[in-house]
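Because only heavy atoms are used, hydrogens play no part in the values below, and waters and symmetry mates are left out as well, while side chains stay in. Count residues from 1 along the sequence.
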Amino acid sequence: MNVTVDVVGEGSRKVTVDESATYADLVEAVDRSPQEVSVLVDGSPVPEDQPVGVDHVQVLRLIKGG
């Protein structure tokens with residue numbers, strides 16, 4: 001399955017994953033950790049353990065500070 005992953009502020013990348021891939025697998029494919037980002041589908045966050053069901057997602061980096 002081919003998915004376009006738009007990493008907000010960094011550009012888009014085409015990623016090929018298995019049909020059984022989860023959103024966490026997509027995040028790892030763009031060299032990010034599921035703990036540091038949120039995956040958005042149509043502007044809404046999706047659980048990282050949910051199977052990928054679309055061909056375009058946004059990855060939003062979470063910012064933590066003190």
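Ser38 OG to Arg32 CZ: the interatomic distance, rounded to the nearest 0.5 Å, is 14.0 Å. One finds the OG1 atom of Thr4 at 6.5 Å from the CG atom of Asp55 (value rounded to the nearest 0.5 Å). One distance of note links CD of Glu10 with CG of Asp31; it measures 10.0 Å at 0.5 Å rounding. Rounding to the nearest 0.5 Å places OH of Tyr23 at 5.5 Å from CD of Gln50. The NE2 atom of His56 lies 10.5 Å from the CG atom of Leu40; values are rounded to the nearest 0.5 Å.
Just one residue in the list Val37, Val59, Val15 forms a side-chain contact (heavy atoms from CB on, under 4.5 Å) with Leu26, and that residue is Val15. With respect to Val57, the side-chain contact (heavy atoms from CB on, under 4.5 Å) criterion is satisfied by exactly one of Val30, Val39, Val46: Val39. No option in Val8, Asp6, Val7 other than Val8 meets the side-chain contact (heavy atoms from CB on, under 4.5 Å) test with Leu60.
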(message) Assess the residue pair Ser12 and Val5 against the criterion (side-chain contact (heavy atoms from CB on, under 4.5 Å)); give the C-alpha distance rounded to whole Å, side-chain angles, the decisive distance to 0.1 Å, and a yes or no.
(response) CA-CA 5 Å; Ser12 296; Val5 180; over 6 Å; no
(request) Test Met1 against Val52 for side-chain contact (heavy atoms from CB on, under 4.5 Å), laying out the working first. (result) CA-CA 9 Å; Met1 166 182 243; Val52 177; 3.9 Å; yes
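The closest side-chain heavy-atom distance from Leu62 to Glu36 is not below 4.5 Å.
In plain terms, the two heavy atoms of Arg13 and Ala29 that are nearest each other are NH2-O, 3.2 Å.
Side-chain contact check for Thr22 and Asp49: no donor-acceptor pair (N or O, by modelled atom type) lies under 3.5 Å.
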